[in-house]
Peer 1: 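Here it is: the structure, laid out below.
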Amino acid sequence: MARVVGISFRTLGLSSRVFHRRQGEKLQSFHVNITTVRQCRASNLVDNEEKAVLDRIIRVDHAGEYGANRIYAGQMAVLGRSTVGPIIQHMWDQEKEHLKKFSELMVSHRVRPTVLMPLWNVAGFALGAGTALLGKKGAMACTVAVEASISEHFNSQIRTLMESDPEKHRALLQTIKKCRDDELEHHDTGLEHDAELAPGYFLLKNAIQLGCRAAIFLSERV
């Protein structure tokens with residue numbers, strides 16, 4: 001078994017010579033480049049930070065799409081047989097595709113889901129059904145509020161990835177941009193179907209968006 005018996009530094013901070021000896025053999029030595037070691041450590045630190053950012057993005061987007069699915073499920077439970085039912089169903093179908101994609105990303109990137117999934121399950125359905133009980137306008141007001149918050153959040157993520165390495169994150173950027181564009185379409189659909197005429201529209205919208213911001217903050221971290 002080799003034993004390290006001494007270290008001789010050459011140009012402190014750049015390299016060193018490490019001496020080692022096996023039993024019964026002559027003293028041998030090899031060089032260790034300290035600068036290279038430091039660079040490796042720095043690279044690992046950057047990689048870990050990037051992984052943490054990607055984990056947060058994928059985790060919160062998965063949670064958001066799951067919550068959106070539960071909102072539309074709640075709305076369909078109340079308004080599914082109404083004239084606005086097909087419109088809600090179309091938006092829900094798109095959210096299902098979003099959730100499927102982010103579920104795949106969760107697996108491929110080995111990201112754990114937020115521990116708050118059971119809460120978003122109940123809260124999402126309750127929000128969807130509760131606003132739908134206000135009628136078509138109430139449901140559309142909910143859609144406008146939620147989709148405005150989610151679109152803004154997607155834009156923030158796009159800026160983060162573009163500033164990091166757009167080529168490296170091209171696939172994820174394309175996914176987020178596609179989801180963002182669908183959410184904006186839902187937002188506009190809500191406005192076209194009298195969302196702003198819902199009772200207490202601005203109060204309802206602000207309350208929902210406050211909840212969305214809290215959900216985003218928590219889902220990124222736990």
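Positions are given from 1 along the sequence.
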Peer 1: State plainly whether the residues Lys177 and Asp181 are in salt-bridge range, i.e. N to O under 4.0 Å.
Peer 2: no
Peer 1: With a sphere of 6.0 Å drawn around CZ of Arg170, does it hold more than 12 non-hydrogen atoms of other residues, nucleotides or ligands?
Peer 2: no
Peer 1: Any side-chain heavy atom of Thr189 sitting closer than 4.5 Å to one from Thr143?
Peer 2: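 No, their side chains stay 4.5 Å or more apart.
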Peer 1: Return the orientation label for the Phe154 and Phe102 ring planes: parallel under 30°, perpendicular over 60°, tilted otherwise.
Peer 2: parallel
Peer 1: Can a donor-acceptor pair be found, under 3.5 Å and without considering hydrogens, that links the side chain of Thr131 to the backbone of Gly128?
Peer 2: yes
Peer 1: Are the side chain of Arg59 and the backbone of Glu220 linked by a donor-acceptor contact shorter than 3.5 Å?
Peer 2: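 Flag set: sc Arg59 to bb Glu220 pair under 3.5 Å.
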Peer 1: Hey, any chance Met76 and Leu133 share a hydrophobic cluster, counting ILVMFWY side chains that come within less than 4.5 Å of each other, even indirectly?
Peer 2: yes
Peer 1: Apply the test side chain to side chain contact (heavy atoms under 4.5 Å, CB included) to residues Ile208 and Cys142: give CA-CA distance (whole Å), side-chain angles for both, the deciding distance (0.1 Å), then the verdict.
Peer 2: CA-CA 7 Å; Ile208 292 173; Cys142 175; 4.0 Å; yes
Peer 1: Applying the 4.5 Å side-chain criterion to the ILVMFWY set and letting contacts propagate, would Ile150 and Leu127 be lumped into a single cluster?
Peer 2: yes
Peer 1: Measuring only between side-chain heavy atoms, which start at C-beta, is Met140 closer than 4.5 Å to Asp194?
Peer 2: no
Peer 1: Within the distance-only criterion (no hydrogens, no angle test), does the side chain of Thr175 pair as donor or acceptor with the backbone N or O of Ala171 below 3.5 angstrom?
Peer 2: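 Yes.
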Peer 1: Give the cluster check for Val84 versus Tyr201: same hydrophobic cluster or not, with ILVMFWY residues linked at side-chain heavy-atom distances below 4.5 Å.
Peer 2: no
Peer 1: Check whether any side-chain N or O of Arg70 sits under 3.5 Å from a backbone N or O of Tyr66 as a donor-acceptor pair, and report yes or no.
Peer 2: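 Pair absent, no side-chain N/O of Arg70 close to backbone of Tyr66.
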Peer 1: Can you list the steps and then say if Asp93 with Gln89 is a side-chain hydrogen bond (donor to acceptor under 3.5 Å, both in side chains)?
Peer 2: CA-CA 6 Å; Asp93 289 340; Gln89 184 65 59; 2.9 Å; yes
Peer 1: So which atom in Val222 and which in Arg112 form the shortest heavy-atom distance, rounded to 0.1 Å?
Peer 2: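 For Val222 and Arg112, the tightest heavy-atom pair comes out as C-NH1, 3.5 Å.
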Peer 1: Set out, in order, the CA-CA distance, both residues' side-chain angles and the distance that settles side-chain hydrogen bond (donor to acceptor under 3.5 Å, both in side chains) for His153 and Gln157, then state yes or no.
Peer 2: CA-CA 6 Å; His153 182 64; Gln157 292 180 338; 3.1 Å; yes
Peer 1: Keeping His90 on the side-chain end and Pro86 on the backbone end, is there a donor-acceptor pair under 3.5 Å?
Peer 2: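 Absent.
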Peer 1: For the residue pair His187 and Ser151, establish whether any side-chain heavy-atom pair is separated by less than 4.5 Å.
Peer 2: no
Peer 1: Is there a donor-acceptor contact under 3.5 Å from the side chain of Gln75 to the main chain of Ala139?
Peer 2: yes
Peer 1: Would you say the side chain of Val144 lies within less than 4.5 Å of the side chain of Asp188, judging by non-hydrogen atoms?
Peer 2: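 When only atoms from C-beta onward are counted, Val144 and Asp188 do not touch, as no gap falls below 4.5 Å.
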Peer 1: How many angstroms lie between OH in Tyr72 and CE in Met91, if you round to the nearest 0.5 Å?
Peer 2: 4.0 Å
Peer 1: With a cut-off of 6.0 Å (strictly less than), are more than 12 heavy atoms of other residues, nucleotides or ligands near CE of Met162?
Peer 2: no
Peer 1: Answer yes or no: is there a donor N or O on one side and an acceptor on the other, between the side chain of Ser108 and the main chain of Glu104, under 3.5 Å?
Peer 2: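 The answer is yes, because a donor-acceptor pair under 3.5 Å joins these two groups.
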Peer 1: Quick check: do Val111 and Leu105 have side-chain heavy atoms less than 4.5 Å from each other?
Peer 2: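 Side chain of Val111 against side chain of Leu105, heavy atoms only: no contact under 4.5 Å found.
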Peer 1: In terms of hydrophobic clustering (I, L, V, M, F, W, Y; side-chain heavy atoms under 4.5 Å; direct or indirect links), are Ile88 and Leu191 co-clustered?
Peer 2: no
Peer 1: If you count the non-hydrogen atoms of other residues, nucleotides and ligands that lie under 6.0 Å from CZ in Arg81, is the total more than 12?
Peer 2: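 Check fails, neighbour count at 12 or below.
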Peer 1: Pair His109, Asp55 - check side-chain hydrogen bond (donor to acceptor under 3.5 Å, both in side chains), show working.
Peer 2: CA-CA 8 Å; His109 288 265; Asp55 282 1; over 6 Å; no
Peer 1: Should Ile87 and Leu79 be counted in the same cluster of Ile, Leu, Val, Met, Phe, Trp and Tyr side chains packed under 4.5 Å apart?
Peer 2: yes
Peer 1: State, yes or no, whether a side-chain contact exists between Pro166 and Leu161 at a heavy-atom distance under 4.5 Å.
Peer 2: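 SC-SC contact between Pro166 and Leu161 ruled out.
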Peer 1: Apply side chain to side chain contact (heavy atoms under 4.5 Å, CB included) to Asn69 and Lys96, showing your working.
Peer 2: CA-CA 7 Å; Asn69 270 267; Lys96 289 177 181 178; 3.2 Å; yes
Peer 1: Do Thr114 and Val60 have side chains that get closer than 4.5 Å, going by heavy atoms?
Peer 2: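 No - every pair of side-chain heavy atoms lies 4.5 Å or more apart.
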Peer 1: Take Trp120 and Ser219 through the test side-chain hydrogen bond (donor to acceptor under 3.5 Å, both in side chains) and record every step on the way to the result.
Peer 2: CA-CA 10 Å; Trp120 305 150; Ser219 295; 2.9 Å; yes
Peer 1: Taking atom CD as the centre, does Glu185 end up with more than 12 heavy-atom neighbours from other residues, nucleotides or ligands that are less than 6.0 angstrom away?
Peer 2: yes
Peer 1: Has Lys100 got more than 12 heavy atoms of other residues, nucleotides or ligands less than 6.0 Å from its NZ?
Peer 2: no
Peer 1: How long is the span from the CG atom in Leu134 to the CG atom in Leu204, to the nearest 0.5 Å?
Peer 2: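 That separation rounds to 7.0 Å.
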Peer 1: To the nearest 0.5 Å, what is the distance between CG on Leu218 and CG on Leu119?
Peer 2: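 It is 8.5 Å, given to the nearest 0.5 Å.
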Peer 1: Are side-chain heavy atoms of Lys178 and Asp182 found at a separation under 4.5 Å?
Peer 2: yes
Peer 1: Below 4.0 angstrom, N of the basic side chain to O of the carboxylate: do Lys205 and Glu196 qualify?
Peer 2: no
Peer 1: NZ/Lys137 to CG/Leu197 distance, rounded to the nearest 0.5 angstrom?
Peer 2: 5.0 Å
Peer 1: Working to the nearest 0.5 angstrom, can you tell me the gap between Asp165 CG and Glu50 CD?
Peer 2: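 Asp165 atom CG to Glu50 atom CD measures 7.0 Å (nearest 0.5 Å).
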Peer 1: Please name the pair of heavy atoms, one in Ala198 and one in Ala141, separated by the smallest distance, quoted to 0.1 Å.
Peer 2: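 Closest approach of Ala198 to Ala141: CB-CB, 3.9 Å.
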Peer 1: Show your reasoning for whether side chain to side chain contact (heavy atoms under 4.5 Å, CB included) applies to His98 and Glu183.
Peer 2: CA-CA 10 Å; His98 298 174; Glu183 311 301 1; 3.3 Å; yes
Peer 1: Which atoms form the tightest heavy-atom contact between Phe125 and Ala77, and what is the distance?
Peer 2: CZ-CB, 3.9 Å
Peer 1: Looking at CG of Leu116 and CG of Asn121, how far apart are the two atoms once the value is rounded to the nearest 0.5 Å?
Peer 2: 12.0 Å
Peer 1: Check the pair Val107 / Ser103 against side chain to side chain contact (heavy atoms under 4.5 Å, CB included), numbers first and verdict last.
Peer 2: CA-CA 7 Å; Val107 174; Ser103 294; over 6 Å; no
